[in-house]
Amino acid sequence: MNRFLAMILLLAAALPTPLHADDRLPPAPYAYRQLEDPAQEQQAQTLMQTLRCLVCQGQSIADSDAPMAGDMRNLVRQRIAAGEDPEAIRQWLIERYGDYVSYAPRIPSSTWPLFAMPLAILLLAFVLLRRRFSRPEETP
Amino acid sequence: MSEPAAKASRWALWLPLGLFGLFVALVLYGLMRPASHDIPSAMIGKPLPEFNLPAAQPDRPGLKRADLATGKPRLLNIFASWCIPCAAEAAQLSELARQGVEIDGIAIRDHPEDLAGFLSRYGNPYARIGADDVSSVQLALGSSGVPETFVIDGQGTIRYQHIGDIRPDQIPLILQKLAEAGQ
Amino acid sequence: MIAEFGLAALWLAGALAVLQLIAGTLALSGKGPGLAGIVRPVAMMQGVLALLAFASLILLFWHTDLSVKLVALNSHSAKPLIYKLAGTWGNHEGSMLLWVAVMSMAGGFVALVERRLPEPTMLATLAGQAFVSIGFYAFLLMSSNPFERLPQPAIEGQGLNPLLQDIGLAFHPPTLYLGYVGLSVAFSFAIGALVTRQVGPAFARAMRPWVMGAWIFLTLGITAGSYWAYYELGWGGWWFWDPVENASLMPWLAATALLHSASVLAARNALRAWTVMLGVVAFSMSMVGTFLVRSGILTSVHAFAVDPERGSFILALLAINIGAALTLFALRAATVTEGERFAVTSREGALVFNNVMLTGILGIVLVGTLYPLLAEAMGTKVSVGPPYFNPAGAMFAVPMLIVMAVGPLLRWRRDSFSRVRAALVLPLPLLLGLGLAVGLAFNRGIGLLPAIGLALAPAIMLASLLPLRARSLKRTPLPVWGMVFAHFGIAVAMFGMASESAFSSERLVAANVGDSVEVGPWKVRLARIEPIAGQNWTALEAKMLASYAGGAATEIDPQARSFWTPPQQTAESALLTRWNGQLYAVLGEQAEDGRWQLRLWWKPFVPLIWLGGVLVALGGLLALIGRVASDLRRYVVREKIADRRQRQGR
């Protein structure tokens, strides 16, 4: 979307060019390598798409070339290969970075309004529409 | 919210304006808040995770959790030779070391030769340097970039996180946090 | 000279907008009987002047007049002409001038052609349009003057950034802008109707072509933007629920709802207050979107041209405009009579359902986008992403799509499902069959939402054609064709989305030159890697030979590019499109052992996402042509039968 446009405009505006030069180390083993087991890779992929790349501010670690995103993919894949549950890995990261690291808001935390929202909309629509529709039945 | 209009639900007619008022209040807050993109670690106040990193340089030992729980507060500096603010911060770290602060380092995704060059150019205030080639310890600490500096107390508990390079005028702040951790 | 002329035109246009507002308001309140006659000409003049101002700026960019600050900052004498011209709106000031110019021209055009509405409503509408414009004129003239001169002309411009020279980039923003600003007309019509309490079919008919036109541009803008993100970002994603993306989706959702409720109002004189409300909301969402993007208060990959001062200005503008409109709504809507009634099972009932669901999705997107800000106000940092938006949105979208399939078959006012049941004899079994098939496949790791999408899409495609049954295709009105195309397009896009997330296969490999890699049914051989140089970049280009299911090989050439002004690495993906999907290849870095990082995806039916978007826009275009043509015909008839009263509904 505008994403690309904005990315370009950002470059044009010469806004903070990254202060980091590139490191010369090869990427982590599983940054750009899939797990052998397709089922496990699938699990890892699903999880990675919902974890936030901490240095790119708006991309998941599954769509970023940032080295730290690569290291996070490595961590996810290695832990999944070791048999860990994806949600346990998410939890492990949340314990370290807070809810910010996960794109999947959790219900028990401070995000309850997000989940109340759809219900509130439905309820409101129901209340208002019930009145609207009930009358014409009487006066066709 | 819906057509209803009917006299019975006048409150609904004011609802959009009310919601809009909330929106304006929220974005006003958003415009006025100080812009901060720091992501604080959620590990502050918690014990350091278990880890054991190999030595990043031949002349210094590597770093493991036990090295940091020595009964005395220490600084744990996350850095890399490829990071420019880390070079800017080096003088302040040396100053802290000169004042007797014990500092350990974790070098992130660093090449031994690059690191050696960096240390010889900007000074080496570190007692130990662990090589974290895949950011594993960095991730375990909840650190999201370089440089970051953690104050670790004598029991190995993380007491404070400093995000970004330490500026000269922030040295007293770091010393104060170390003193607090020592109490 | 040109710059001064442009600035003068802009000032004059702003002054005329003030005059338009004052004259319109006075005439409405009966204080200046002579004033009513000048409002329309003033609106037209204002439109012409704003156009002249914008044309002046284009001319300045064309000639690369480096004594103008904006040109010096954003252009360069060595740029190709097309990018010089596109540079006019590729910056904050120019884009705001485009905004104002389109808005004023739209207002002028309404003043010129719209004769169906009662004159007081027209006066109020044009005054409303002037009210909104004045804010934007003030914004331009006070804090973003595009014609500002430099004390010393620059020797050369600073805008030769090669990354900016991209044809998609040149035309994507103005497309979205036309959509955003087109909705301002609906907003003004809503204001006018509220002021005079004249909400009826004529109001809906007057508003509809504008909403339709804006909606077509929004649809195209979003579709093209999504394809760009997919193509450029190099990871195969096509929608990220990024705040900047959501900012363009929200006006689209509101405009879609508005289109449907306006058709109820036009045909049946029902949903009066609700349609007016949506008219206000749709343009409000355009302004909110612009604000979110420009102010940079949300963390986006690219906080773009972040400027708190401009952000505050836009916020003040939108607070005044939207606040005033919603207050007027709250005060007046209760006196707008309810309109015709209808049963639950009726065309209207289905359209109301569609409206509620679209509003629900809009609410989800808005709240999800703003939630991180709210959380921050409460002291925590959270991220809201696909795991929230997808299921929460689907909760509303799936029922809506089912009703979308059935709704067009229902009669206005009152109907029964038993009558429609016969028509559904084909799609229903298809749905059940597919549901069963997908349900069986469900165990094999397809997510719930893609499974629902795969089962629903073909049935909806079929059902969306049903309104054409028992009709002579030649005599089917264009708006019906438009609806069929649009609904079919939605189902096509949905199939593409579901297929992409259910069936994509991914291969990340380190390959030596000569190695073959399999991804899905494809076999891709890395034939060689060659250095290649462009105007201001060098690249490594991979020559890959891709063959589908053992067939003949086609060459694809992804590149890893390095620009030097500014230094920037980009991965240029290579796409190979077949009827049943796309092969997506990206060349990564070379590892120490000499092997190359390759990223390959086979994405079955993914192009349907954008094809669907184009079909939707095409449907809009057909409907627009049909409506305008029949409006013209009706106009001619009305001229002939002079003694007919104008407020006669169909």
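Order of the sequence lines fixes the chain letters, A, B, ..., with proteins taken first and strands second; residue numbering starts at 1 for each chain.
Heavy atoms only, all atoms of each residue included: C/W235 and A/S64 are closest at CZ2-O, 3.4 Å. For C/V382 against A/R52, the heavy-atom pair with the smallest separation is O-NH1, 4.4 Å. The nearest pair of heavy atoms linking C/P387 to A/Y103 is CD-O, 3.6 Å. Among all heavy-atom pairs drawn from A/L122 and C/F396, the shortest one is CD2-CE2, 3.6 Å.
Judged purely by atom type and a 3.5 angstrom limit, C/S383 uses its side chain to pair as donor or acceptor with the backbone of A/Y100. Put simply, the side chain of C/E506 never gets that close to the backbone of A/Q34: no donor and acceptor are under 3.5 Å apart.
Atom CG in C/N390 sits 11.0 Å away from atom OG1 in A/T50 (nearest 0.5 Å). The structure places OH of C/Y371 at 12.0 Å from CE of A/M117, a figure rounded to the nearest 0.5 Å. Rounding to the nearest 0.5 Å gives a distance of 4.5 Å between CG of A/D65 and CZ of C/R599.
In this structure, no portion of A/T46 lies under 4.5 Å from any heavy atom of chain C. Neither the backbone nor the side chain of A/A120 has a heavy atom closer than 4.5 Å to any heavy atom of chain C. Of the atoms belonging to A/Q43, not a single heavy atom falls under 4.5 Å from chain C. Using a 4.5 Å cut-off between heavy atoms, C/R507 contacts chain A through both its backbone and its side chain.
Residues C/I364 and A/P118 form a side-chain contact, since some pair of their non-hydrogen atoms from C-beta on lies under 4.5 Å apart. Within the 4.5 Å cutoff, the side chain of C/K381 has no heavy atoms near those of the A/Y97 side chain.
Ranked by heavy-atom pairs under 4.5 Å with chain A, the list C/A392, C/G360, C/G385, C/P372 is led by C/G385.
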**Message:** Pair C/V384, A/L114 - check side chain to side chain contact (heavy atoms under 4.5 Å, CB included), show working.
**Reply:** CA-CA 9 Å; C/V384 182; A/L114 272 179; 3.7 Å; yes
